Amino acid sequence: MINKNLSGRKRVIILVFSIVAIVFVVKLFFLQVVDQSYKLSSQNNVLRYITQYPARGKIYDRNGILMVYNEAAFDLLVVPQQVKKMDTSAFCRLLDIDQEIFSERLHKAKSYSRYRPSVFLEQITKEDYGYIAEKLYQFPGFYFQARTLRHYPQPIAAHVLGDVGEVNRANIDKDSYYKTGDYIGKSGIERFYEKDMRGHKGLKIVMVDVYNREKGSFQDGRYDTMPVSGSDLIMGLDAELQAYGEALMQGKTGSVVAIEPATGEILSLITSPSFDPNLLVGRIRGENYNKLQHDSLKPLINRAISGSYPPGSTFKMVNALVALQSGAITENTRFSCQGKLSRPIRCTHDHNSPLALLEAMENSCNPYFWNTFRSTLNNPKFPNHKDAYDFWFKLLGNMGLGHPFNTDIPFELSGNIPSRDYYDKLYRGSWNALTVRSLSIGQGEILLTPLQLANLAAIFSNQGFYYPPHLIRAIKNDTSYHSPFTEKIETGIDAKHFEIVKQSMLDVFEGDHGTARYYKIDSIRAAGKTGTVQNPHGEDHSMFIAFAPYDEPQIAIAVVVENAGYGSTWAAPIASLMMEKYLKGCSTRKALEKRMMEANFHQKTKKP
Amino acid sequence: MIGAPNRIAKIDWISLVLYLSLMLIGWVMIYSAVYDEDHSNIFDLSQRYGKQLLWIVLALLLGFIVLLIDAKFFNALAIPIYILVMLMLVGVLLFGSTIAGSKSWFQIGGFAIQPAEFAKFATALALANYLGKLNRDMQKWQTQAIAFLIISLPALLILAQYDTGSAIVFGVFILVLYREGMSGAILVIGMIAAALFLITLYTDKYYVIIGLVVLFGLLLFFIKRNKSTILKLVSLLLIVSAFIFSVDYVFENVLEAHQKTRINVLLGLETDLMGAGYNVNQSKIAIGSGGLTGKGFLQGTQTKYNFVPEQSTDFIFCTVGEEYGFVGSTAVIVLYLMLFIRMILLAERQRSSFSRIYGYGITAVMFFHFAINIGMTIGLVPVIGIPLPFLSYGGSSLWAFSLMFFVFLKQDANRLNIL
């Protein structure tokens, strides 16, 4: 053997071994003790935070009829990593989708994560679910996840109830409660009462393996929370009346609003044309929304709160009340009328002259109300006509005109009552009663929504006060809830001034020449006022406001039928049928009912 | 002749206890790694932990038999064993089954045996036999050439099976050659070559060459400038440049795509946490999340829920790291270091060259497996699929390492009988 001192080389080799071991220990020290990020990564790997969706609150009508509830629907999820070779064409047939959509969705899911589930197909109905679930075992990697969809047993009140859709970026930024894919009320009651109806989400933390299979709850569910269901709401709306009104309004453009005068609860809020709320649910939502949006009749617009109409003759009573309250006239004040020769506004009616207030209202005499309005503005009680105009403006505001009620109806418009400033700007400060004479007969810049019109009827029936019209009266099983919209609002007009207004309205039904005398309700005395509103875009709008029973009013109503002609021909009979339905439960005038329901103005309406 | 009890009494108990400890730790780690609630019995033979226990028992039986065999037997039969294993390596190329991309398995019934595992044993024997002969001079180029041949023949055959990991292991026999007298320069050259390799991959090869030219130019100012030194420097520069170009060539044209990716991932030139980098990333998460003292027995979520691939075989160290933390991992590393140092010391006390060289050979192989395997799980070394000795699940590797170990133990027990 040649080697002499080679055994010293063992030290080099032991040194090499030791250096490697030390390097490992140092690296492990940084990996395990210094760097904390791996703990987080390991949790991210294994913990899945599963949201437990609460049941959204249901909605009932005033008689306990269920209007909206939740129905189970299913999202089909995919975990791309678990998808095996499969018969894609059979799968596409099963789901009724194109091959292209299949590969596109699968690709999207893959680019999100190969190991975590993503939604492959949304909101599959209960019926389809049963059928698909049976065969799903052939397609590993696909799972169902239960969601809920809104369901409407009756296809009515779409605008009142509103709709529910997925949250958008803005919703999430505004309220951290929401996560992508969550639902939120987009309109109507669903929107306004979102916080009451959504409930509270629960959270379940589970551990999963690399294939995302559940392996049990994290720390025996110590950090899990249960979901809390949303509150069920009870509306003031009468479902039967709403359905009846929608039937009467079919084929017409317009609106019917009915209010309970003693509470401000809305009994029906009808806009026409409308749509079946079930159309805006689930997978069909997007397509249907698009269709409705492009419909030339604009069914998505809620005309009851955003349709703005000149009130026409129905407004004369408002002017009369302001004049009476300011002392500009008394009920015995007489003005003369020269019929068609009257200036600045002519009269279209044939009646005695001069005439007093009651007669003027019954005959809807334009010159009388021009004189009334002029007297109001030129009332010597006020320093000048502009201050008098302010008084007029203020009382109108007290009656809920020119501003929204701001109750529980989202997207309500304010109509329009021109202010003094508006005219000052328009006429550079130089204007008087003559300049704004159209206001005297409810034309010109004045615009009212059907809701404001119905509320006017309620004010007349209450003789001077109202409760803000609102939709929800109570929360089920929550006696502590009180609607914040039940505060009585005084208009500042004395009750006694309403006597003559009410009398004139009674005569519309009961008088020998009343414009609604053919639509008297058997054994019930009703009061009303027709309006025929000139409309530059086509035929006149037919308008009617009313309340009944006369002595103990239970319903105040406004009806607007666009481009239908005289108020007495369409709006009045519809209002009469509605009141009868509400007060008696059914109508005895089947022929009238049939004629109203079958009338179709949509051919007459000018399409843009 | 000495009686059997005596033969066993003389074995080195320190290394045996270290060996047994590592093997038992491995068994418990495998239990944790593939734990199945439906089969929670650690002796359940349908599960890997049950099977591993069976392999352990068989390995010990094998060891016991080895201890009973005459110590001279292995030296005498070193060359025949080597030839037999080489034939098996050729055979596996022709008749073997492919498992996980490597055509390196003999399928016998339900078992799969990997001759490559035993090739390390055979090579250690053959090398010890050859270099252990009297008057063998490591300085002679003939000796070096034959030694390299003994080492590279199995390495090439295994490389032909597409089992690059196992083939690389044979490189570690250089340590043995160094111990037996080959110039230490080879280790230094090896390290410089490795450094140049990495620098070339990190940067462009032309920058490296420009850098070297500048370096050599500067050197010229500090040394005696005569014809021969300048000539030497220039030729050295040319050799190094050739090396750099060949590194680039090998990397681009010889390495398989997945091997290139593994190296790039390690160097941080490529991040692909869902693909090639997935294993190492999940492995580091497992070990890193263990913290100082670990998550506890069966509490490792990374391993229990299969986030780490190959967790019972190549990535078994993850389970140690995750469930026993820094303390546990360090303990295992210290156990290995103790075993290796003990084996070196045992090798040095041998009277016969054969025993010493064999001892160095198998220690070097075990060390290399240890270094590559743990280095891989903590992201210091590219992913090379070789098992951690005594800990990883699997019969072939456990038996091969046990066989190596017990043959050495037998040599050591018999050392005093050699004159």
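Letters A, B, ... are given to chains in the order of the sequence lines, protein chains preceding strands, and every chain is numbered from 1. This one's a predicted model, so the numbers in the text were calculated from it and none came from an experiment.
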Salt bridge between A:D87 and A:R93, side-chain N to carboxylate O under 4.0 Å? no
Taking side chain as everything from C-beta outward and backbone as N, CA, C, O, which of these in B:L292 sits under 4.5 Å from a heavy atom of chain A? Side chain, backbone, both or neither. both
Those residues that, when tested against B:S15, pass side-chain contact (heavy atoms from CB on, under 4.5 Å) (two or more places apart): B:D12, B:L339, B:R342, B:L346, B:F405, B:L409
Centres of the A:Y183 and A:Y178 rings: under 6.0 Å? no
Counting only heavy atoms not in A:F30 (residues, nucleotides, ligands), do more than 12 fall under 6.0 Å from its CZ? no
At a heavy-atom separation under 4.5 Å, does A:I14 approach chain B through its side chain, its backbone, both, or neither? side chain
Cut-off 4.5 Å, heavy atoms of chain B, and the answer for A:K27 is side chain
Contacting moiety of A:S18, where chain B heavy atoms sit under 4.5 Å: both
Nearest 0.5 angstrom please: B:L177 CG to B:S183 OG, how far? 12.0 Å
With a strict 4.5 Å heavy-atom criterion, list every residue of residues 364-373 of chain B that contacts chain A, or say none. B:F367, B:F370, B:A371
What part of A:V25 is in contact with chain B, defined as an atom under 4.5 angstrom from a non-hydrogen atom: side chain, backbone, both or neither? both
Bottom line for B:Y360: the part with an atom under 4.5 Å from chain A's heavy atoms is side chain
